[in-house]
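A quick write-up on the structure given underneath.
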4 protein chains.
Amino acid sequence: MIFASDNWAGASAPVAAALSRHSTGLVPAYGGDPLTLSVKARFSELFECNVEVFFVPTGTAANALALSAYAKPGGVVFAHATAHVANDECNAPEFLTMGQKIRGLPGANGKLTPAVLASAMAEHPDGDLNSGQVAGLSLTQATECGTVYTAKEIRALADVAKSRDIVVHMDGARFANALISSGGSAADITWRAGVDVLSFGGTKNGCWCAEAVIFFNPGEGSQFRYLSKRAGHILSKSRFVAAQFEGYLEDGHWLDNARHANAMARRLADGLVRSGFARLAWPVEANEVFPVLPTHVINRLRAEGAVIREWPPAGLEGHTAPGADEALLRLVCSFATTEEEVERFLALAAG
Amino acid sequence: MIFASDNWAGASAPVAAALSRHSTGLVPAYGGDPLTLSVKARFSELFECNVEVFFVPTGTAANALALSAYAKPGGVVFAHATAHVANDECNAPEFLTMGQKIRGLPGANGKLTPAVLASAMAEHPDGDLNSGQVAGLSLTQATECGTVYTAKEIRALADVAKSRDIVVHMDGARFANALISSGGSAADITWRAGVDVLSFGGTKNGCWCAEAVIFFNPGEGSQFRYLSKRAGHILSKSRFVAAQFEGYLEDGHWLDNARHANAMARRLADGLVRSGFARLAWPVEANEVFPVLPTHVINRLRAEGAVIREWPPAGLEGHTAPGADEALLRLVCSFATTEEEVERFLALAAG
Amino acid sequence: MIFASDNWAGASAPVAAALSRHSTGLVPAYGGDPLTLSVKARFSELFECNVEVFFVPTGTAANALALSAYAKPGGVVFAHATAHVANDECNAPEFLTMGQKIRGLPGANGKLTPAVLASAMAEHPDGDLNSGQVAGLSLTQATECGTVYTAKEIRALADVAKSRDIVVHMDGARFANALISSGGSAADITWRAGVDVLSFGGTKNGCWCAEAVIFFNPGEGSQFRYLSKRAGHILSKSRFVAAQFEGYLEDGHWLDNARHANAMARRLADGLVRSGFARLAWPVEANEVFPVLPTHVINRLRAEGAVIREWPPAGLEGHTAPGADEALLRLVCSFATTEEEVERFLALAAG
Amino acid sequence: MIFASDNWAGASAPVAAALSRHSTGLVPAYGGDPLTLSVKARFSELFECNVEVFFVPTGTAANALALSAYAKPGGVVFAHATAHVANDECNAPEFLTMGQKIRGLPGANGKLTPAVLASAMAEHPDGDLNSGQVAGLSLTQATECGTVYTAKEIRALADVAKSRDIVVHMDGARFANALISSGGSAADITWRAGVDVLSFGGTKNGCWCAEAVIFFNPGEGSQFRYLSKRAGHILSKSRFVAAQFEGYLEDGHWLDNARHANAMARRLADGLVRSGFARLAWPVEANEVFPVLPTHVINRLRAEGAVIREWPPAGLEGHTAPGADEALLRLVCSFATTEEEVERFLALAAG
């Protein structure tokens with residue numbers, strides 16, 4: 001009953017198998033090998049357009065380096081106040097962009113709205129030196145509240161960003177989970193909706209260490225190799241990431257993993273609500289559940305071995321905010337979560 | 001007959017096996033898992049002292065981040081002119097240390113001497129603002145010329161560095177090869193000789209992607225986690241590096257790999273010299289051979305499928321410098337190099 | 001009737017005279033001249049303790065470099081949401097501290113409270129990698145809302161900061177105005193109240209270009225010269241700043257300037273309130289007045305040549321917030337503001 | 001008899017007078033004042049083309065920020081081994097360009113040659129990630145050896161740079177001295193010869209603190225204000241630099257100052273050579289003299305109060321290198337150097 005995070009799981013079987021399959025033989029280093037080239041081509045199929053793809057070892061590197069490709073001196077990037085880039089990357093986005101600001105903005109359910117974005121951008125008017133220059137919009141998909149932007153919502157936000165000609169970045173650490181939830185295609189919730197660059201995460205959904213930065217507009221990735229190498233992020237044995245992605249993308253394995261994780265989260269959420277003990281802080285649209293539970297239930301679960309984390313109830317108001325003897329939890333399901341775990345957890349929660 | 005680089009090989013069998021072995025099950029992320037803890041403890045045994053160990057994904061990150069732990073504003077780090085940190089890391093050491101200079105110094109066989117180091121350090125006197133402040137010495141072991149510093153040579157250089165109280169860093173991308181060559185222990189050629197921090201490389205000697213930064217002095221690694229995370233180098237599934245190192249260090253596997261690679265280089269060098277066609281630019285002390293060969297021999301080898309690289313003959317003078325119809329090559333052997341390959345190469349070279 | 005900013009004035013007569021006085025003769029560059037040394041010693045008298053003093057050319061440099069002397073990887077500095085370091089320095093504090101975050105916090109009248117500070121700091125618990133590490137508190141004195149922290153208020157905030165052992169920085173771009181207002185000594189509202197490092201501004205109060213960074217704790221400025229030079233902030237002809245400060249500090253000239261500017265602001269505020277047209281957004285405690293005025297009054301003033309600026313009404317709620325036909329203004333008085341200007345402005349405002 | 005450096009002088013009379021003249025009255029801050037605008041326009045006349053001009057407080061800032069406007073990740077800037085940007089700026093050029101390398105190259109008389117430049121650039125081939133990307137050429141005019149590039153020499157070097165499309169920067173800390181020496185126009189030795197951006201120094205030739213960065217190609221300065229502000233280099237009272245430049249450029253005053261300084265250096269050099277005691281390390285083409293003198297002469301001069309500095313004899317070979325009882329000196333003349341000083345110095349040197 002481990003719901004601490006989706007990065008507690010190891011590698012899924014097809015990913016591990018692909019890595020084993022490619023472990024022998026000598027091939028060019030630094031991305032010149034045939035496997036890397038073919039896996040990169042696979043991404044263009046997946047996104048239905050010619051994309052530039054770069055492998056990096058961590059999601060934090062993917063986000064910060066993607067933003068650095070569009071960095072401006074005195075630049076300001078807008079993100080939701082709960083976004084990983086704003087809170088959880090130990091200033092990597094600020095550092096690797098030479099001090100750009102990440103401005104965290106409010107919004108229900110972990111999602112930005114065009115009005116809030118427009119208003120924040122207006123505080124940095126063109127030509128004003130002191131407040132810096134608007135430089136980017138970063139959307140987290142799925143969000144840190146477990147919700148998912150629709151293609152239409154992304155489009156509306158991207159339109160605001162494009163009115164000032166700034167980059168739209170998507171942090172897709174849980175892109176597969178969001179994609180399953182959205183019901184659309186990978187293209188629909190990225191470039192067709194105005195996304196310029198995507199951090200495509202594999203690690204939380206079955207890979208060991210596989211993240212890709214994907215540029216949708218020709219030429220915008222032209223300096224990325226240098227930005228990446230300068231920060232120590234070029235892997236010499238590139239095929240080891242390529243192999244993971246081969247296993248990950250093959251036969252829809254990545255979508256199966258995400259579909260499973262989302263379903264487990266759904267089951268968990270439904271069961272908790274049915275129990276009468278819990279209420280949900282935010283809608284469950286991907287693989288994360290944020291229930292407010294009584295402290296005695298939490299204690300009981302932990303006593304039985306559940307690994308669960310309390311979460312800061314930032315932005316919760318009214319009836320959703322935890323009361324005196326309650327706490328907000330974050331429960332994360334992954335490809336490795338089993339129905340049995342979920343059922344056992346629900347049974348324990350119900351008392 | 002691939003002698004292009006030791007990072008063209010994949011993962012050695014014990015490394016790949018260890019990774020498979022640990023691919024399932026849920027464990028804490030970010031280094032809190034039992035495997036990471038036990039492997040880190042293994043390093044203290046290996047170095048016969050309590051060390052602080054941090055995993056990073058690349059050798060460039062290891063070097064640049066290690067130096068950043070000791071960075072000073074206006075700092076100057078001294079290294080051999082051929083060193084990887086000086087030439088081959090796309091300014092990562094400058095970037096991640098906020099603009100420290102890496103001063104490349106001359107020295108026969110890719111090795112620094114105390115006299116040259118002392119003289120260069122004297123150009124940055126204490127208190128002089130313009131020339132910056134001396135900040136570190138970085139030694140490459142084995143060197144980029146395929147040679148190896150003895151413990152005594154390291155000690156002499158470290159003494160010069162310590163006279164001004166600057167850090168001694170060792171770039172051990174090929175540490176195993178150097179260790180085999182030195183005949184001493186891992187402690188002998190590191191902290192016992194004055195090394196403060198080591199980039200311990202696994203990738204070139206049988207791992208996929210496994211590098212460790214090792215601090216020998218208590219407390220000096222206290223900010224490393226933050227430095228690493230700020231640059232996007234903290235791997236969430238830490239056990240995937242730990243597993244590689246488990247396989248790598250088990251039963252002396254890493255030393256076996258290095259011993260084999262060194263032996264193949266020796267055999268290659270001896271054969272080339274015997275052929276009468278070649279002369280060696282530098283002594284062969286690890287897994288790299290730098291022969292000067294006639295162009296027609298190089299062409300013949302390439303025509304038969306040998307993957308070999310020309311190397312800039314920087315620093316070569318007199319009879320070692322390539323003549324009009326000659327070129328300097330770098331031939332690198334790895335754990336995956338076979339005797340058959342070497343013999344076939346030699347036979348072809350001999351015509 | 002120019003109330004745009006206190007940096008629209010030139011140099012006050014004693015400052016200009018001192019500069020002329022010292023314009024000839026050859027003296028050592030880079031701060032080794034007798035005038036620089038004597039002026040620096042003057043600061044120790046002024047603050048009643050041995051301080052380390054460094055001249056820098058701008059207030060932004062003073063703030064960002066002062067913070068850089070205490071920077072940590074992944075560091076977070078807390079400041080009021082309206083602070084200059086948070087909003088008006090084009091990311092200089094982020095850039096020169098290698099990507100530290102400046103977290104803007106709420107608080108009435110432009111001032112932080114211990115409770116808000118403690119709560120924000122708690123979101124960055126010791127050892128938590130993702131959220132970074134707490135690194136500093138920056139207080140603006142006088143604040144950007146024209147108010148002034150009392151020594152007691154500073155002490156209370158410093159105590160919270162010190163509970164986690166982080167630096168307390170004071171942005172004293174309008175230090176003289178605050179000092180006059182406080183009624184205490186320079187020591188009382190700085191080191192005696194827990195301030196570690198001060199940006200001591202001269203430019204807004206009668207100098208051309210004279211700012212000083214003042215360290216109150218021995219040794220903490222030891223790297224400052226290097227930090228400053230690395231960013232291009234060491235002035236070769238140091239005496240030109242020293243001369244300005246000589247004129248500035250002589251015979252209490254700086255305090256006279258600030259007293260005058262504060263008195264003009266008081267007179268302006270009182271007159272506006274008396275007019276019945278205006279209400280004040282925040283108390284007038286230094287040289288700035290923030291009135292909410294009807295648009296037609298603003299238009300009338302501008303038509304008569306008043307140079308005045310609208311100000312974002314951030315944080316204003318209830319009756320202080322501007323209504324439909326109103327706007328918030330910032331009116332800044334300086335040493336050069338005259339009673340005549342103020343009276344003419346008031347007469348025009350009254351219609 | 002102070003020949004330590006040209007920045008030991010204060011402000012020349014016309015510069016000091018201009019500053020006094022503009023010390024009163026309220027004008028817009030941050031460069032919006034009429035004086036700043038008119039002085040900037042004056043630079044376009046001076047250079048016979050429309051230039052973009054930015055004021056910065058130091059020469060180090062001018063150089064490092066100018067280079068930062070063209071910075072690339074992993075970028076390499078080529079300069080002479082003795083150049084100020086390479087040796088004397090405490091890593092400001094590395095820091096403000098996010099870790100670009102400054103590669104110091106050899107060359108007689110402090111000057112680069114096209115052959116040496118081309119050869120160094122070839123070590124960073126297009127597309128090679130490890131060695132970084134070529135990013136700029138920085139020429140010092142006059143050089144650190146007191147010599148001056150002709151327009152033709154600049155053109156030849158710029159052609160090499162332009163063959164790889166990299167910026168040509170000129171460090172003109174002593175631009176006026178070089179211009180007088182060259183006999184041409186300001187345009188001839190800058191943009192007409194291929195220079196893209198110039199650090200135009202005023203401080204060493206009569207100003208207090210006045211440097212300008214001048215972009216010759218439209219649009220290339222578009223981000224400079226942000227780069228400058230981000231590093232704390234935007235002066236609020238811009239007119240204080242503008243006033244200095246007004247006095248500096250008026251009626252050819254700057255050229256008079258430089259002509260005088262150069263003439264004093266010439267007189268000094270000729271007298272020393274005539275004395276029979278001295279030989280010159282490098283030709284005297286601007287305001288600096290580098291004589292090799294016997295130690296007993298140096299001691300005698302110092303005993304009589306001469307302020308003179310020994311200089312590292314880097315690059316000196318054969319008969320120019322100092323012998324056992326000799327030392328190389330750098331003697332710098334300025335607008336404030338008098339004939340009497342020179343003659344007294346020569347008389348003392350002659351014994």
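Within every chain, numbering begins at 1; the chains are lettered A, B, ... in the order of the sequence lines, protein sequences first and strands thereafter. Everything numeric here is computed off the predicted structure, so don't read it as measured data.
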Q) How would you list, in number order, the residues of residues 207-243 of chain B that have a heavy atom less than 4.5 Å from chain C? A) B/Q223, B/R225, B/Y226, B/L227, B/K229, B/R230, B/I234

**Q.** Listed partners of B/P114 passing side chain to side chain contact (heavy atoms under 4.5 Å, CB included), at least two apart
**A.** B/A156, B/L157, B/V160

Q: Sort by residue number and list every member of residues 19-51 of chain B having a non-hydrogen atom under 4.5 Å from chain C.
A: none

Q.
Under the rule for ring-ring contact (aromatic ring centres under 6.0 Å, His included), what residues qualify as partners of C/F78, not counting sequence neighbours?
A. C/H124

(Q) So, taking the atom named CG in B/L96 and the one named CE in C/M98, what distance separates them when rounded to the nearest 0.5 Å? (A) 12.0 Å

Q: Identify which of C/G74, C/G127, C/S68, C/G99 forms the greatest number of heavy-atom pairs closer than 4.5 Å to chain B.
A: C/G127

